[in-house]
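Notes for the one structure printed next.
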Amino acid sequence: MLRLSTLFVRTLREDPADAEVPGHKLLTRAGYVRRAAPGGFTWLPLGWIVYRNVERIVREEMDAAGFQEVHFPALLPRAPYELTNRWTEYGDGLFRLQDRRGNDFLLAPTHEEMFTLLVKDLYSSYKDLPLVIYQIQTKFRDEARPRAGLLRGREFVMKDSYSFDIDDDGLERSYQRHREAYIKTFDRLGLPHVIVSALSGAMGGSASEEFLVPTDVGEDTFVRCPSCGYAANVEAINIAPPPEQPVDGLPAAQVHDTPDTPTIATLVDLLNARPDLARADGEAWTPAHTLKNVVLTLRNPDGSVELLAVGVPGDRDVDMKRLEAAVYPAEPAPLGEAGFEANPALVKGYIGPEVLGESSASGIRFLVDPRVVTGTSWVTGANQPGRHVVGLVAGRDFTPDGVIDVAEIGAGDACPDCGASVEMARGVEMGHIFQLGRKYAEALGLTVLGPDGKPITVTMGSYGIGVSRAVAALAETTSDEIGLCWPREVAPADIHLVIAGKPGSDAWPAAEQLAADLEASGVRVLLDDRDSVSPGVKFKDAELLGVPTIVVVGKGLADGRIEVKDRRTGERTDVPVAEVADHLRALVAAG
RNA sequence: CGGGGAGUAGCGCAGCCUGGUAGCGCUCCUGCUUUGGGAGCAGGAGGUCGCGGGUUCAAAUCCCGCCUCCCCGACCA
């Protein structure tokens, strides 16, 4: 039994100044966590109970799925990460340190290498597979900017599991087992979630899905189709290209003077103001009729830098996150003034396809949005200051080097599957299941002997759940204006029992007896037995702390009644004293 | 990495412009009163004013440097 008279907790009346998101404010005000370092948090007793409940649920569901728990050090030597090149590839996000002899170590951001090497160490036959092992371990990432409290720290707890199979079918089965286990896990945690298509990325592999918890404070943006159920991270969505059109009969491209049109908006205004440039179909010009060509630098992991030109319809901007994802592991950056000076063929504000492309004079690789299909006609830069070309037709007047799908996605865009309008929403990435493939097995030499005595390279999957982050996500999604509001299975207690009578009154022994009765039958009780604290304070604290059921022993006792209040709905029920214990046991059993 | 804002008691803030005994609310402690919606009265505790340097008779306050935290941004040609 937890007693508020002795519990190590202090609730705050005011919001902490360094907290921004609602869940973080409440976790701090309710005395669940304290910030201890930039991106690092101390768990207080109530928070730690909730954390361990979340961890227990995750562990139980992993075990139920037949996965086996192991535990690696968080402090690892450099060598394994050198073998996969991640010592350097991970960049500034990796915490590196040295021991007293100057040997390099790291605080692990993930453990693919260690899992792979462990299996290589112990297993050598196809008969040993499939295998899934997991751990629940503190991870370290040197985030450039920790934010939103526990949601994005530099030290956090993650459950990561890895599957090992001899072929793609086996990998698919391991993947599906995780998918099902994750759905059960999130349902039990009481976390609303959306499964979205995610990037398989440059890591290879065919399938990747994220479990997102929808909330405005999430840092991932995803699209959802209300019509067919399609859902995808904006980084992973592939838009459906329009059909190609015949180029025959389209008017020839013409270059026009377009003074004072440094932006798309001014260009469109000018086009519409010029009768001689009226569109053949009689419609007004819109930004969607223009082709905007953005030149970027790409820095490769080996340090080399190349240029890339991206052509997108003028009504859309390049989405930086989608671009980063599309060119990973290279890092994109704007060209900048120096870049324009170094490439005189590029006329700022008037870049057109003629000077772009690997076979052009500039040699700059030129990739276009999927909407720029053969037969589409565009207004775009004429590579001279103050001039644009009208009627430049893809497939006739220019041929890009390829397609890149990095334009911004917006609400109302067509669903790639069914064509209906999609919705946009934000979410927190709570889980990620991912078919890794053979990248790590190849890099680290993980093979097993097959039935024919020949080595088979193992294929792997990796699957994560943010455990500490789940506590924050729960605080974010289940709380309200007055406080936290935990799902029962993760709550620090089942019953928050408030003694609202005067010290020395009947309420005290009655509440003590009820608490003891409940505890004896396995119901977890948080008893507010503080004297010299007014009932008002106790009620406010009960609402703030977020235990799902609040029981008040007070003035109703004179009539033989005890008040039972549902934290979420606020609904109050008066229950006769003789029945209240059974009533509460039934509530708890019902979840 | 760029731009803003901030750092003064455990928490939230004022004071700084115009240099001169460091303040308010909450919390905490003592006593009395109070006990169904963040109580009242009285008394009290609690400070390296982020760090370092400088100017000055005198610096929370002015000047220089640094550190840290929070927010926004990171492309729009």
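With A/R322 as the fixed residue, the salt bridge (Lys or Arg N to Asp or Glu O under 4.0 Å) test singles out one of A/D405, A/D369, A/D220: A/D405.
Between A/K502 and B/rU35 there is a side-chain polar atom (N or O) within less than 4.0 angstrom of OP1 or OP2.
Pairing for B/rC69 goes to B/rG5, judged as Watson-Crick or G-U wobble with the two contacts each under 3.5 Å. Taking a pair to require two hydrogen-bonding distances under 3.5 Å in either a Watson-Crick or a G-U wobble arrangement, B/rC41 pairs with B/rG31. Checking B/rU56 for Watson-Crick or G-U wobble geometry (two distances, each under 3.5 Å) identifies no partner in any strand. Judged by Watson-Crick or G-U wobble contacts below 3.5 Å, the nucleotide B/rC17 has no partner. Within the shown strands, B/rG25 is the pairing partner of B/rC11 under the Watson-Crick or G-U definition, both distances less than 3.5 Å. The partner of B/rG46, taking Watson-Crick or G-U wobble pairs whose two distances both stay under 3.5 Å, does not exist in any strand shown. Across all strands shown, B/rG36 forms no Watson-Crick or G-U wobble pair with both distances under 3.5 Å. Of the nucleotides present, none pairs with B/rA74 by Watson-Crick or G-U wobble criteria with both distances under 3.5 Å.
Remark: the separation of the P atoms in B/rC13 and B/rU56 is 36 Å, to the nearest Å. Comparing B/rG3 with B/rG46, their C1' atoms are spaced 38 Å from each other, to the whole Å. With both ends at atom P, the span from B/rC51 to B/rG10 equals 13 Å, rounded to whole Å. Rounded to whole Å, the separation between the C1' atoms of B/rC67 and B/rG53 comes to 14 Å. Rounded to whole Å, the C1' atom of B/rC16 lies 42 Å from the corresponding atom of B/rU34. Comparing the same atom, P, in B/rU8 and in B/rG47 gives a spacing of 15 Å after rounding to whole Å. The gap from the C1' atom of B/rC75 to that of B/rG2 amounts to 14 Å, rounded to the nearest Å.
When distances run from any side-chain atom of A/A17 to the nucleotides B/rC13, B/rG38, B/rG36, the shortest one goes to B/rC13. The side chain of A/K565 lies closest to B/rG37 when the candidates are B/rG37, B/rU35, B/rA77. Out of B/rG38, B/rC75, B/rG36, the shortest distance to the side chain of A/V294 is found at B/rC75. When each of B/rG37, B/rA77, B/rC11 is scored by its nearest atom to the side-chain atoms of A/K292, the top-ranked nucleotide is B/rA77. Relative to the side chain of A/D541, the nucleotides B/rC75, B/rG12, B/rG38 differ in distance, and B/rG38 lies closest. Closest to the side chain of A/E14, out of B/rC75, B/rG38, B/rG25, is B/rG25.
Ionic pairing of A/R469 and A/E219 is present here: one or more N-O contacts between side-chain nitrogen and carboxylate oxygen are shorter than 4.0 angstrom. No salt bridge links A/R316 with A/E408; every basic N to acidic carboxylate O contact stays at or beyond 4.0 Å. Under 4.0 Å is where a charged nitrogen must lie from a carboxylate oxygen, and between A/R568 and A/D566 no such pair does. A salt bridge links A/R387 with A/D257: the distance from a Lys NZ or Arg NE/NH1/NH2 to an Asp or Glu carboxylate oxygen falls below 4.0 Å. Ion pairing of A/R3 with A/D529 is present here, as a side-chain N (NZ or NE/NH1/NH2) and a carboxylate O approach within less than 4.0 Å. Salt bridge absent: A/D541 and A/R29 never bring a charged side-chain N and a carboxylate O closer than 4.0 Å.
Atom CG in A/L544 sits 6.0 Å away from atom OG1 in A/T11 (nearest 0.5 Å).
At the heavy-atom level, A/R530 lies nowhere under 4.0 Å from the strands shown. Across all strands, A/R35 comes closer than 4.0 Å only to sugar-phosphate atoms, never to a base (heavy-atom distances). Base engagement by A/G556 is indicated by at least one non-hydrogen atom pair under 4.0 Å involving a base atom. Looking at heavy-atom distances under 4.0 Å, A/V533 makes contact with a base. A/V310 comes within 4.0 angstrom of no nucleic acid atom, judged by non-hydrogen atoms across all strands.
Using cut-offs of 30° and 60° on the angle between ring planes, the pair A/W43 and A/Y51 is tilted.
Take the nearest nucleotide of RNA chain B for A/D15 and for A/R29: the residue whose nucleotide is more 5' is A/D15. Each of A/R10 and A/L296 was assigned the nucleotide of RNA chain B with the nearest heavy atom; the assignment lying further toward the 5' end belongs to A/R10.
Between A/D528 atom CG and B/rG37 atom C1' there is a gap of 13 Å when expressed in whole angstrom units. Rounded to a whole Å, the CD atom of A/E408 is 10 Å from the P atom of B/rA74. Taking atom CG on A/L26 and atom P on B/rG38, their separation rounds to 19 Å, with Å as the unit.
Remark: the A/R86 side chain and the A/T110 side chain contain an N/O donor-acceptor pair separated by less than 3.5 Å.
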If you restrict it to nitrogen or oxygen atoms, what contacts under 3.5 Å exist between nucleotides 39-45 of chain B and the protein, and what is each distance?
residue, atom, partner, partner atom, Å
B/rA39, OP2, A/S534, OG, 3.1

